[in-house]
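Take a look at the structure set out below.
FYI, side chains are in, hydrogens and waters are out, and symmetry mates aren't considered; it's all heavy atoms of this structure.
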Amino acid sequence: MADLSLLQEDLPEDADGLDVDDYSSESDVIIIPSALDFVSQDEMLTPLGRLDKYAASENVFNRQMVARSLLDTLREVCDDERDCIAVLERISRLADDSEPTVRAELMEQVPHIALFCQENRPSIPYAFSKYLLPIVVRYLADQNNQVRKTSQAALLALLEQELIERFDVETKVCPVLIDLTAPDSNDDVKTEAVAIMCKMAPMVGKDITERLILPRFCEMCCDCRMFHVRKVCAANFGDICSVVGQQATEEMLLPRFFQLCSDNVWGVRKACAECFMAVSCATCQEIRRTKLSALFINLISDPSRWVRQAAFQSLGPFISTFANPSSSGQCFKDESKNSEDSSAEDKDRMRDNDVVEEEHRRPEDAPSDLSAPHSSARLESLEGCAAKTPGHSAGDVPAPVDSSLLCTLSSESPQEAASNDENGRKPDTNSKSASRPDAGTSSPEATPLDQDMFNSFHFWRTPLPKIDLDKELQQDPEERLSPERTGDVPAAPLPGPPNITMATRKELEEMIENLEPHMDDPDVKAQVDVLSAALRASSLDAHEETGGVEQRSELQDEVCVSELPDCNISHDTCVPLISAAEENAEATPDYVHGGADVSPGDGFSPDEDRRPKVQDVVPQALLDQYLSMTDPSRAQTVDTEIAKHCAYSLPGVALTLGRQNWHCLRETYETLASDMQWKVRRTLAFSIHELAVILGDQLTAADLVPIFNGFLKDLDEVRIGVLKHLHDFLKLLHIDKRREYLYQLQEFLVTDNSRNWRFRAELAEQLILLLELYSPRDVYDYLRPIALNLCADKVSSVRWISYKLVSEMVKKLHTATPPTFGVDLINELVENFGRCPKWSGRQAFVFVCQTVIEDDCLPMDQFAVHLMPHLLTLANDRVPNVRVLLAKTLRQTLLEKEYFLASASCHQEAVEQTIMALQMDRDSDVKYFASIHPSSTKLSEDAMSTASSTY
């Protein structure tokens, strides 16, 4: 009742003046009555007496303080059940107070009082249901707005804490809410009651919602008189749908939702657009595709700009509801191998970094990948004329490869391979001139037939710039599939006209000539190298064409170890690997569209961007609207931040479409990555690692890595996005590609604002994670200088994380074979920090040693040899802060290790002598931390935290 001691009370009239009796002639002391005398009188009253006294006061402030002190009064009398009931009865009388502020104050205390009653239920059973809940329900219809708002908040808090019994919800709460939403109810009360019904639906569950709330909710959705009610219903429509489930949503709620989406008030339609995703989640796929999609298109084209704005913000989330749960799980590798193959492949990579990474095939596919040494590029199989899209047509201009590098074909399914083997022959194994002796071959079950051999051009490449196709190759698919051209293929292909090869050579020469002035750019140089290799490889055409048809067939049989299932090629239609495939592009129309779709990991043609943005996962109209969000006109007519909303939801859309439909989003992603607004680029930077997991390794290397490199050179607001997830992104890259970023890590130390210390702190955090991705030599050569630089940072928070980084680096380098890198790092720490002329550097050395000991980064015997002698020399340091930290490290960290507790060695003796010297130090803090035992008092930690932070 401490609050009641401050209550105001009127003093007696004679208290202001002096009475004759107040004067004592004997003592000559004047006694003046004070307010404390009356406070002492209150202390003599019982808690109930004080409650009654001030609850009847005419002072509003006193009655407010009574309401605020009710919980304290209950705690004082909780041992007596009668007194508890008496307090609750007085609460009921106080609820009838005519002053709204008193009633609002009382209602704010009701959830706390209810929780107290629940905890003391044996003493005061049914107290809440009998005394408190009727007050809450009654205040829902109070005339004062503040009281109603307070009671609504109290009701939701009670429901959230499950303090209201289910029976009370059905018999006392819901009936009142239904009455408040009657047609003759007050407008404001009706609107608030509908909102409460919607908010409490997830708390009371499906059964009560369907029986008691849903019928009235459907009526309120059709309230013709007040659009405020319809707007509240629209805003909470998704919550109701998620509670009642799919059946009730489709049968009862969807018709009302269609009406609300076509409401004549734009605010109602806007609310519908905002909750569209939640409504879609509560419906089946068929209704989502046939009905909701068309309804959403209407909202996107709404006359009101605010409705269109809300619709475009919900477009990405709505598209994500079309995702197939059974296929949304992603693994990073495009195609998986068994664990044995994967481990073997990892060993090969560690043994020879120049060996090309093999493609990962599905378990049911034959392992048809061929590795090519002395090349850092990954072999990709591009089935240029096998896909059903124009991007994989035979008209694509390939990049020829050197004859020592072989291509692969995507393998067929086991059933089709088995059916082909029943009637086919095995390839001739004597033709060794076309393939490497150690090249991988397929299993006998997947050996293709000659007449079914897919004989289009397959190649590997790094991404090339777009090359304009020769007019003779730019044939429409309809022309190639004309009836006149779909006949049987001749037994032996005749040499094609030489002008195709000559035109290709001329194009390559022109491109190389145009790119040569820009050879300083590494990317341009890589493109020139690839184009030069293609130009050299084109000279093989003559050699390929001079060989016999049988030799070509044998070559094709041995190299192309898997095929597309639907290809029907005659026995003698095998063609040379390079130019003959181009020559037969028009002569073999069946090969273009007869094969299966190319898997996303098999590579991409230069015309990949020309593929139409068509898919069948979501309605095409929705995807078209989503892709249009990058249109500059949208920013003027819809929302200036529409591109940011597009970027925010792009990973979800990409996951829904799947990596096989990434071509639909590639151009949009590139547009967003180059957007003028840094907030758009920042959004992409924070999610690029998630998108990499969705797309897989090859799509990441081809499309995301260039954008990632651009983000690294962007503003700090954008760079922080890639920095926070640097480890998550780099671990998805091939080891060779990952090593290229070692040279760029140093650039993170430079920021636009030198005061942006959080940027450097995040870099230190990421470097700790990156240690596992790089070899000990890479860690020593590239990460060590950055870590030592951060240890000398001006901001202590950066240095704290850097000490952890250095200790983990010591641990990794020491466990490496040989541990020379670890010894060199320790020597550098001693030289740069242990013997630093600045005291802060020497203190940093002590901190590093402390972290090494605490995290067991070094065995204690190795620590005693390499670090401890230099650590003990700091006992004579002239700066007390260094000696204070040394004393704490020795007493509370080092001597707690078993190595120094169990063995009596020269190292232990040296430590004890140093501690004794510190105990006699002239500085009191040094003596304190050198003398006190770590577990003897808590004061040591508090004092040390202060001492160690003052540097």
Side-chain angles (χ1 to χ4, degrees), residues 330-333 346 349-350 651 682 684-695 697 700-701 704-705 707-709 711-712 714 716 718-751 756-793 795-816 821-822 825 829 847-848 851-852 854-858:
Q330 299 283 337
C331 84
F332 180 68
K333 291 298 182 181
D346 293 337
R349 293 180 192 167
M350 296 299 295
R682 174 186 170 93
L684 294 181
F686 271 94
S687 62
I688 192 171
H689 66 290
E690 299 288 356
L691 189 60
V693 175
I694 296 171
L695 297 184
D697 54 353
T700 296
L704 297 188
V705 167
I707 295 176
F708 183 84
N709 295 337
F711 289 157
L712 292 178
D714 212 313
D716 286 351
V718 180
R719 295 170 68 203
I720 189 63
V722 295
L723 179 59
K724 278 185 174 291
H725 303 285
L726 187 63
H727 168 263
D728 297 330
F729 186 83
L730 293 185
K731 73 179 181 180
L732 304 177
L733 303 181
H734 185 264
I735 184 172
D736 294 335
K737 193 67 178 178
R738 189 187 305 153
R739 292 190 74 254
E740 296 179 5
Y741 291 94
L742 287 170
Y743 307 95
Q744 304 182 41
L745 293 177
Q746 191 81 20
E747 299 176 2
F748 282 112
L749 293 174
V750 181
T751 57
N756 188 6
W757 60 269
R758 290 180 178 84
F759 200 91
R760 301 189 297 277
E762 186 62 39
L763 174 61
E765 294 277 9
Q766 288 297 312
L767 290 180
I768 296 176
L769 301 176
L770 289 177
L771 292 177
E772 65 180 12
L773 300 182
Y774 293 104
S775 64
R777 173 171 289 278
D778 289 338
V779 170
Y780 184 82
D781 292 342
Y782 299 100
L783 303 187
R784 173 189 54 84
I786 303 177
L788 298 181
N789 192 325
L790 293 173
C791 284
D793 197 88
V795 180
S796 62
S797 297
V798 179
R799 296 196 298 270
W800 282 114
I801 305 174
S802 303
Y803 301 150
K804 173 70 173 178
L805 169 62
V806 172
S807 64
E808 291 295 329
M809 198 173 293
V810 170
K811 182 178 182 179
K812 179 180 179 67
L813 297 181
H814 178 76
T815 56
F821 294 123
L825 176 59
L829 287 174
F847 273 121
V848 171
T851 309
V852 170
E854 291 176 348
D855 297 342
D856 295 325
C857 298
L858 275 179

- [ ] Could you list the residues that satisfy ring pair (Phe, Tyr, Trp, His ring centres under 6.0 Å) with F729, not counting sequence neighbours?
- [x] F708
Open item on the list: Once salt bridge (Lys or Arg N to Asp or Glu O under 4.0 Å) is applied, do any residues pair with R738, and if so which ones, sequence neighbours excluded?
Closed with: none
Open item on the list: Nearest 0.5 angstrom please: K731 NZ to H689 NE2, how far?
Closed with: 9.0 Å
- [ ] List in chain and number order the residues that pass side chain to side chain donor-acceptor pair (under 3.5 Å) with D856, two or more places apart in sequence or in another chain; answer none if no residue qualifies.
- [x] K897
Open item on the list: Going by salt bridge (Lys or Arg N to Asp or Glu O under 4.0 Å), name the residues that satisfy it together with R777, two or more places apart in sequence or in a different chain.
Closed with: D781
TODO: Specify the closest pair of heavy atoms between I694 and P651, including all atoms of both residues, with the distance to one decimal.
DONE: CD1-O, 3.4 Å
Task: Pair V693-T700, side chain to side chain contact (heavy atoms under 4.5 Å, CB included): steps then yes or no - done: CA-CA 8 Å; V693 175; T700 296; over 6 Å; no
TODO: Evaluate the side chain to side chain contact (heavy atoms under 4.5 Å, CB included) criterion for residues L684 and I707: first the C-alpha distance (whole Å), next the side-chain angles of each, then the deciding distance (0.1 Å), finally the verdict.
DONE: CA-CA 10 Å; L684 294 181; I707 295 176; 5.8 Å; no
TODO: Determine whether V779 and R784 make a side-chain contact, defined as any pair of heavy atoms from C-beta on separated by less than 4.5 Å.
DONE: no
Open item on the list: Please find the pair of heavy atoms, one from S807 and one from T851, that lie closest to each other, and give the distance.
Closed with: OG-CG2, 3.3 Å
TODO: Report the distance from atom CZ of R758 to atom CD of E765, rounding to the nearest 0.5 Å.
DONE: 13.5 Å
Open item on the list: According to side chain to side chain donor-acceptor pair (under 3.5 Å), who are the partners of N789, at least two apart in sequence or on a separate chain?
Closed with: none
Open item on the list: Suppose we screen for side chain to side chain donor-acceptor pair (under 3.5 Å). Which residues come up paired with E808, at least two apart in sequence or across chains?
Closed with: K804
- [ ] Determine the minimum heavy-atom distance between A787 and V806, stating which atoms define it.
- [x] CB-CG2, 4.1 Å
Open item on the list: So does L712 get a backbone contact from the side chain of R719, meaning a donor-acceptor N/O pair under 3.5 Å?
Closed with: yes
Task: Non-neighbouring partners of S775 that pass side chain to side chain donor-acceptor pair (under 3.5 Å), sequence neighbours left out - done: D778
Task: Smallest separation among heavy atoms of H725 and F686, with atom names - done: CD2-O, 3.5 Å
- [ ] Dump the intermediate steps for side chain to side chain contact (heavy atoms under 4.5 Å, CB included) on L783 and L805, then the final yes or no.
- [x] CA-CA 10 Å; L783 303 187; L805 169 62; over 6 Å; no
Open item on the list: I want to check something: taking the side chain as every heavy atom from C-beta on, are D697 and L732 in contact at a cut-off of under 4.5 Å?
Closed with: no
Task: Residues that D714 engages under side chain to side chain contact (heavy atoms under 4.5 Å, CB included), provided they are two or more places apart - done: R681, F711, V718
Task: Gap separating the CE atom of M809 from the NE2 atom of H814, nearest 0.5 angstrom - done: 16.0 Å
- [ ] For the residue pair F847 and Y803, categorise the inter-ring angle as parallel (less than 30°), tilted (30 to 60°) or perpendicular (more than 60°).
- [x] parallel
- [ ] Evaluate the side-chain proximity of Y782 to L770: yes if any heavy-atom separation is below 4.5 Å, no if none is.
- [x] no
Open item on the list: Which residues pass the side chain to side chain contact (heavy atoms under 4.5 Å, CB included) test with Q766, not counting sequence neighbours?
Closed with: L723, L726, H727, E762, L769
Show the atom names and distances, to 0.1 Å, of all donor-acceptor pairs under 3.5 Å that link a side chain in residues 740-748 to residues at least two apart or in another chain.
unit_1	atom_1	unit_2	atom_2	d
E740	OE1	K737	NZ	3.2
Y741	OH	N709	OD1	2.6

Task: Donor-acceptor contact below 3.5 Å, side chain D793 vs main chain V795 - done: yes
Open item on the list: Ignoring hydrogens, what is the shortest heavy-atom contact between L790 and S802? Give both atom names and the distance.
Closed with: CB-OG, 3.0 Å
Task: CG on L763 to CD1 on I720, rounded to 0.5 Å - done: 9.0 Å
Open item on the list: Would you compute the distance between atom OH of Y780 and atom CG of L813 and round it to the nearest 0.5 angstrom?
Closed with: 8.5 Å
Open item on the list: Using 0.5 Å steps for rounding, measure from the SG atom of C791 to the CD1 atom of I801.
Closed with: 11.0 Å
